[in-house]
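Numbers restart at 1 for each chain; the letters A, B, ... are given by sequence-line order, proteins then strands.
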Amino acid sequence: MLDLRAISRDPEPAIAALARRKDGSDDRLRAALAARERLNAIRPELEAAQAERNAGAKAIGDAKRTGADASEAIAAMQAVSARVKELEPEKDRLEEELNQLATSLPNLTDPSAADEDTALREWGERAESGKDHLELAGAMIDMEAGSKTSGSRFAYLKGDLVFLELALVRWTLEKLRGHGFEPVIPPVLVKEDALFGTGFLPDTEQQIYRLADDPLYLSGTSEVALASLHAGQIMDEVPRRYAGFSPCFRREAGAAGKDTRGIFRVHQFDKVEMFSFVEPQDSAAEHDRLLAIEEEIWQGLQIPYRVVNIAVDDLGSSAAKKYDIEAWLPSQQKFREVTSTSNTTDFQARRLDIRYRPGGGKPAHVHTLNGTAVAVSRALIALMENHQTEDGGVEIPQVLQDWGAPARLG
RNA sequence: GGACAGGUGGCCGAGAGGCUGAAGGCGCUCGCCUGCUAAGCGAGUAUGGGGUAAUAAAGCUCCAUCGCGGGUUCGAAUCCCGCCCUGUCCGCCA
């Protein structure tokens with residue numbers, strides 16, 4: 001949610017920030033500002049009528065208490081009251097119109113968000129070729145059984161791969177706890193409010209699974225539940241950081257035929273997600289911090305990657321700026337997205353009404369940020385492909401063995 | 001799934017048609033006071049929006065807000081209807 005009141009004082013920079021998205025949201029902002037003006041224009045008449053009604057009702061009350069006859073005053077007030085009931089629906093209608101426009105607006109883009117996807121740096125040494133993850137995993141990934149049970153883009157993970165996942169998750173959570181993130185296993189089924197509050201609705205409706213008999217959705221990321229953790233609150237402790245571990249569900253509508261091999265793009269995967277609530281002036285630094293932790297994780301796993309400043313027209317509706325980490329996949333000879341971290345500034349905090357007291361003073365909205373620590377299926381792919389051996393096995397990094405991973409796959 | 005009990009300010013909690021934007025307490029802020037701390041005393045302290053002001057603040061003023069939406073009424077935290085949520089117990093269940 002944007003702060004239209006603040007924007008109306010100086011609309012042009014905000015309009016320009018939205019125009020960079022090239023999605024027509026700048027025009028919708030103009031329309032929203034116009035609707036706001038119309039609403040403010042009818043306000044004086046309604047409020048004058050309400051004031052008259054309130055004063056009249058008070059006088060009637062006083063009269064009755066002293067035993068005076070108030071029947072004339074009551075009759076006079078009926079007309080005033082009727083006028084109020086005429087104007088109120090008009091105001092409601094304008095408010096609804098404004099609300100509709102306002103909730104359709106995405107976050108303002110950050111000036112430092114890139115115009116085009118821009119690789120900022122690269123780490124590690126790319127392997128020139130290699131088998132792909134399905135070949136390396138062999139029977140440990142069963143796509144056929146997955147599709148039999150659940151359809152395309154579902155898999156069974158088996159055997160050592162299971163312990164590799166659990167070690168990966170545990171190692172990550174321990175690392176994050178060391179960075180001040182409280183581990184959380186959040187609800188996965190969430191209400192519409194939670195999705196709206198995080199900006200996934202109405203923006204990405206076609207990506208989200210919905211239950212038939214209950215007003216609940218399957219989250220595509222624990223970001224939804226983590227952001228909602230402090231909804232409606234005035235937080236007394238900021239910054240606050242959480243590491244959520246949960247399965248994630250995505251319909252992948254519109255991705256037909258894309259990444260159909262293996263577990264790169266599946267409907268269900270597990271993920272460790274970082275989420276931060278911070279003071280507004282700290283959010284840019286926090287964003288860098290989340291990115292640094294992501295890099296620390298991939299370096300710890302010894303996987304070559306690059307960091308990309310994502311193009312503004314590719315940002316989700318809640319993000320002002322986003323960095324992805326793309327891991328090198330030898331089988332594809334490409335960098336592929338494995339993490340994503342966004343600064344959503346006060347966009348989610350406004351929708352979810354999450355505030356703090358700056359310097360103990362009046363409540364103000366916090367800034368929120370999210371970042372992938374480890375999306376397990378893609379991390380497994382990167383691990384297998386980058387640590388494969390001549391004989392078709394996979395050597396597992398020592399850091400994961402310390403948390404129970406096998407020394408070697410295959 | 002069933003039965004009860006509830007949703008009031010930052011928190012707790014009273015109020016049951018007009019004298020209530022809301023008692024009292026906690027917390028917080030400022031001041032006084034005790035050599036420090038604690039205690040004590042006094043004052044202040046909900047949110048959002050409009051107007052006024054210089055698209056600065058304070059102040060003043062008006063409107064709205066007691067879970068949400070509707071209704072009754074000159075007037076609703078209070079009465080009526082619908083919904084949502086929370087808690088407890090029972091049933092079922094990993």
### Query
CG of A/Leu4 versus C1' of B/rG48: gap in Å, rounded?
14 Å

Please list every donor-acceptor pair under 3.5 Å in which a side-chain atom of residues 53-61 of chain A meets a protein atom from a residue at least two apart or in another chain.
{"unit_1": "A/Asn54", "atom_1": "ND2", "unit_2": "A/Gln50", "atom_2": "O", "d": "3.4"}

### Query
Short question: side chain of A/Thr221, backbone of A/Glu223 - any donor-acceptor pair under 3.5 Å?
yes

### Task
Answer yes or no: does atom CD of A/Glu395 have more than 12 heavy-atom neighbours from other residues, nucleotides or ligands under 6.0 Å?
no

### Task
In whole angstrom, give the distance that lies between atom CD of A/Glu192 and atom C1' of B/rC68.
15 Å

### Task
Pick the P atom in B/rU65 and in B/rC19, then give their distance to the nearest Å.
15 Å

#### Entry: Atom pair distance, as rounded to whole Å: CG in A/Asp193 and P in B/rC83
18 Å

### Message
Under a 3.5 Å cut-off for both contacts, is B/rG7 paired Watson-Crick or G-U wobble with anything, and if yes, with which nucleotide?
### Response
B/rC84

### Task
Counting Watson-Crick and G-U wobble pairs only, both distances under 3.5 Å, name the nucleotide matched with B/rA22, or none.
none

### Query
Whole Å only: how far is the NZ atom of A/Lys58 from the C1' atom of B/rU73?
18 Å

### Summary
Re B/rC30: Watson-Crick or G-U wobble partner, both distances kept under 3.5 Å, found to be B/rG42

### Query
Using purine N1 to pyrimidine N3 plus N6-O4 or O6-N4 for Watson-Crick, or N1-O2 and O6-N3 for G-U wobble, each under 3.5 Å, what pairs with B/rC60?
B/rG51

### Query
With no hydrogens and no angle check, is any side-chain donor or acceptor of A/Ser81 less than 3.5 Å from a backbone partner on A/Met77?
no

### Message
For B/rC89, give the paired nucleotide (Watson-Crick: N1-N3 plus N6-O4 or O6-N4; G-U: N1-O2 and O6-N3; both under 3.5 Å), or none.
### Response
B/rG2

### Query
Would you say A/Gln281 has more than 12 foreign heavy atoms packed within less than 6.0 Å of its CD?
yes

### Query
What distance, rounded to whole Å, do you find between the two C1' atoms, one in B/rG10 and one in B/rG17?
30 Å

### Query
Mapping A/Ile234 and A/Ile74 onto RNA chain B by nearest heavy atom, which one lands closer to the 5' end?
A/Ile234

### Task
Quote, to the nearest angstrom, the P distance that separates B/rU55 from B/rG13.
46 Å

### Message
Taking CD in A/Gln206 as the centre, count heavy atoms belonging to other residues, nucleotides or ligands within less than 6.0 Å. Is the count above 12?
### Response
yes

### Pairwise C1' distance for B/rG21 and B/rC30, with rounding to whole Å
24 Å

### Between B/rU47 and B/rG9 - P atom distance, rounded Å
13 Å

### Task
Return the value, rounded to whole Å, for the distance between atom CD1 of A/Ile60 and atom P of B/rU73.
14 Å

#### Entry: Watson-Crick/G-U partner (both atom distances under 3.5 Å) of B/rC79
B/rG71

### Query
For RNA chain B, what residues of residues 76-83 of chain A have any heavy atom nearer than 4.0 Å?
A/Met77, A/Gln78, A/Ser81

### Message
Just the rounded figure in Å: distance from C1' of B/rU20 to CG of A/Asp62.
### Response
14 Å

### Whole-angstrom distance between B/rG87 and B/rA77, as gauged at atom P
28 Å

### Query
Which parts of nucleotides 49-67 of chain B does protein reach within less than 4.0 Å, heavy atoms only, written one letter per nucleotide 5' to 3' as B for base, S for sugar-phosphate only and - for none?
BS----B------BSS---

### Query
Hey, what's the ring geometry for A/Tyr323 with A/His287, parallel, tilted or perpendicular (30° and 60° as the breaks)?
tilted

### Query
Could A/Lys148 and A/Glu144 be called an ion pair, given the rule that one side-chain N must be under 4.0 Å from one carboxylate O?
no

### Task
Measure the CD-CZ distance between A/Glu326 and A/Arg378 for me, rounded to the nearest 0.5 Å.
10.5 Å

### Message
Between B/rA16 and B/rC11, how far apart are the two P atoms, rounded to whole Å?
### Response
23 Å

### Query
What distance do A/Arg261 atom CZ and A/Met143 atom CE have between them, rounded to the nearest 0.5 Å?
9.5 Å

### Atom P, compared across B/rG24 and B/rG44: separation rounded to whole Å
11 Å

### Query
Using the ring of each side chain (for Trp, its six-membered ring), is A/His267 parallel, tilted or perpendicular to A/Phe154, with breaks at 30° and 60°?
tilted

